[in-house]
There are 2 protein chains.
Amino acid sequence: MAKKKISIKDIAKSLGISITTVSFILNGKAKEKRISEDLTKKVEEYIKEVGYKPSHLAQSLRLGKSKVIVFMVEDISNQFFASIARKIEEKAYKNGYKIIYCSTNNDPEKAKALIETFKVRSVDGFIITPTPNLESTITDLVDEDFAVLLFDRWIPSIDCNYVIVENEKSAFEATTHLINNGCNKIGFITVESDQIQMNDRLKGYTKAMEVHGFPKDILMLPFQNPVDQGLSYKIQLFLQKNSELDGLFFATNYLAFEGLQALNTLKKRIPNDMLVVSFDDHYFFKLFQPNISAIEQPLEVISQKLMEGMLMMLDDQIADKQGFRIILPNTLHVRESSDAKK
Amino acid sequence: MAKKKISIKDIAKSLGISITTVSFILNGKAKEKRISEDLTKKVEEYIKEVGYKPSHLAQSLRLGKSKVIVFMVEDISNQFFASIARKIEEKAYKNGYKIIYCSTNNDPEKAKALIETFKVRSVDGFIITPTPNLESTITDLVDEDFAVLLFDRWIPSIDCNYVIVENEKSAFEATTHLINNGCNKIGFITVESDQIQMNDRLKGYTKAMEVHGFPKDILMLPFQNPVDQGLSYKIQLFLQKNSELDGLFFATNYLAFEGLQALNTLKKRIPNDMLVVSFDDHYFFKLFQPNISAIEQPLEVISQKLMEGMLMMLDDQIADKQGFRIILPNTLHVRESSDAKK
DNA sequence: GAATAATGCTAAAAGGATTTACCAAAAATA
DNA sequence: TATTTTTGGTAAATCCTTTTAGCATTATTC
């Protein structure tokens, strides 16, 4: 039953005028191009009547802009990325942009392949959580005049805009929080990876421990996606081997979830036996008994900055496209009774 | 520094042959169109050498297919939808399709506007969790030959393919499970909405209660997005007013999260004071102490069926495009010690 | 009244592909 | 040798817009 899509040509023919005229009117250039008001009105009415909508595809081809932004993250089903997705979606749509998402699984080859397929789709911009070894691919992208914005993690060696958070500083603060509440044997649970944000968190922990002259206990779990079933068990073993630990700092929330299970299995109580803090706040931490302290990334601000930066770069007027480097502060939420061990 | 994109025309000129020939070779029609092997090889090598990639935009314009599928859900940051997103992404990309997402917030006007903007972008298909009052919009879509697949909820009054789960049956089972474990005053916590899946869950509960001749206690919370802060408190009031309740059935997981908080505040213990079950399983339910029973929707199968149906509809060969109506069974996970109250 | 300026509009190119219809030249057939 | 068939390709239309350059008229100026 598919009724044939009406084109600008059809309109021109029906009205006995030229395509050019219709196009000018459609693009609000009637005045500028000296189309008479009478004709303008007539065309506008006809357009409304037949419900004509220009083909975005043809426009994109002609103008070389597709009004599409790619949102390439490690895993779109991860709550953190999904939340950002939701927020940038809103802002993008408001500005006439659509968002295509994809997940890299932190696999460089997959990331490269995805970027390649998007190049040929003439997307306008990329918001990316880079995988390792993506330097040259991203540099190319920037050279080819795509708008590129890294987030969550960045790549120090290349010249590219980004929006990230203060990983090291917040990790330092969180560790210090544990220390100030009586912990001196604090374990750091993280994941084996080149991801710079993870490294920065480790640095923050390390620095805080060194400042106080405390020994470090670090558990580097293998990186995997999806989350391995045995993760909780591995943490449990680590806790048993280091039974003197009185504090735990999880580098990201899904590690904390697994860790909480391990603590439960071992009948270690929070906050009496162990003080816990996690990077990346989560609804769960407030639900869990007792509530778990966590570092909250400013999702709303991150999203807002992401779109702000994107739109700035996409807007040809702006000369300085290389000055958008945003580092945002996090918030440490102290939740379990904080003087538990004092 | 943006190096100019090379086009099929450039190749033809460089090699001193016609555009047509290049196109035939690119599309693997060299043999069919009787292009000599010599020339074919020469062109293929040149293409590889200059790294030519056809413009997807131009192809889409010419062929009328964009290889884009819209994934329109209530809220992409919801774990359920985000998980589906992740899974269909994989399958879509494997088949050369990209996915644009958008969230309706369950607002019919927003949904209609979104669908309108996508029509002009010549997307090929829509995977939709319909809002209320979307009947005519979706019928139009189907009439205009877009591939449309509803999921999570469907619209009985219109002729459109879908992939859903057995809401009523599973709700009946879950309620029966509570009854079999000694509950006879079971509260049903749901949300005020026209969404058919919510209604079906209510029906399942109602039926089970009526079969056993037990009184029903239903709490209809106002629909809202994002989740209201006072939700937990409202559930708490309900529990206080109906202090004789010994079982609770939550129509969806985020209600259960709020409910668990309320139970905690009221010092009601699970399973001793109250047996609980929730629709939509969640990682949390396994983490929570004690573990919470829940009905798990088959995410993997749902995703697989969605893409299977989509691809089938997009594949022009298939004649019967109206025969894809899938209803999938869920799994009830019984987690707290099941004989608690026997 | 002739030259200039303004008015109102349009033809055609461009963007990058696919595809139909056709055309020479060479080979095969009669 | 004359005719038909096959081979190896190409020109041009098409998808739908945007935009440059220009062209008749009419109005204005001197």
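Naming convention: chains lettered A, B, ... in sequence-line order (proteins, then strands); numbering from 1 in each chain.
Atom C1' of nucleotide D/dT10 and atom NZ of B/Lys9 are separated by 16 Å, given to the nearest angstrom. Distance CG (B/Asp10) to P (C/dA14): 13 Å, rounded to an integer number of Å. Straight-line distance from the OH atom of B/Tyr52 to the P atom of C/dA17: 3 Å, rounded to whole Å. Across the protein-nucleic acid pair, B/Lys31 atom NZ and D/dT7 atom C1' stand 15 Å apart, rounded to whole Å. Taking atom CG on B/Leu57 and atom C1' on D/dC15, their separation rounds to 12 Å, with Å as the unit. Note: CD1 (A/Ile25) to P (D/dT17) measures 15 Å, nearest angstrom. The distance from atom CD of B/Gln59 to atom C1' of C/dT19 is 13 Å, rounded to the nearest whole Å. In this entry the distance linking CZ of A/Arg121 with C1' of C/dA17 reads 15 Å, nearest Å.
With D/dT19, D/dG9, C/dA17 as the candidates, the nucleotide lying closest to the side chain of B/Thr21 is D/dG9. Here the nucleotide nearest the side chain of B/Leu39, chosen from C/dG15, C/dC9, D/dG9, is D/dG9. Nearest nucleotide to the side chain of B/Ser23, out of D/dT17, D/dC15, C/dT19: C/dT19. Listed nucleotides: D/dG8, C/dC9, D/dT10. Nearest to the side chain of B/Ile17: D/dT10. Closest contact between the side chain of A/Leu63 and the listed nucleotides C/dG15, D/dT19, C/dT20 involves D/dT19. Of the candidates C/dT10, D/dT10, C/dC9, the closest approach to any side-chain atom of A/Phe24 belongs to C/dT10.
Taking 4.0 Å as the cut-off between side-chain N and carboxylate O, A/Glu308 and A/Lys305 count as a salt-bridged pair. The existence of a salt bridge linking A/Glu109 and A/Lys112 is confirmed by a sub-4.0 Å separation between a basic side-chain nitrogen and an acidic carboxylate oxygen. Checked for salt-bridge contact, B/Lys110 and B/Glu74 miss the test: no charged N lies under 4.0 Å from a carboxylate O.
Phosphate contact (OP1/OP2 of D/dT10, side-chain N/O of B/Ser18, threshold under 4.0 Å): present. Proximity of B/Ser36 to the phosphate of D/dG9: a side-chain N or O atom is located under 4.0 Å from OP1 or OP2. Taking 4.0 angstrom as the limit, B/Lys29 places a side-chain polar atom (N or O) nearer than this to OP1 or OP2 of C/dT19.
Using a 4.5 Å heavy-atom cutoff, the side chains of B/Phe80 and B/Asp152 are in contact. Here the side chains of A/Phe151 and A/Ile164 are not in contact, with every heavy-atom distance at 4.5 Å or above.
Within 4.0 Å (heavy atoms only), A/Thr20 reaches at least one base atom of the nucleic acid.
For B/Ser60 against C/dA17, a side-chain-to-base donor-acceptor contact under 3.5 Å is absent. Not a single donor-acceptor pair, N or O on each side, falls under 3.5 Å between the base of D/dT17 and the side chain of A/Ser7.
With hydrogens and angles left out, the side-chain atoms of B/Asp75 and B/Ser77 include a donor and acceptor closer than 3.5 Å.
Remark on DNA chain D: of its neighbouring residues A/Asn27 and A/Arg34, the 5'-side contact belongs to A/Asn27, judged by nearest-heavy-atom nucleotide.
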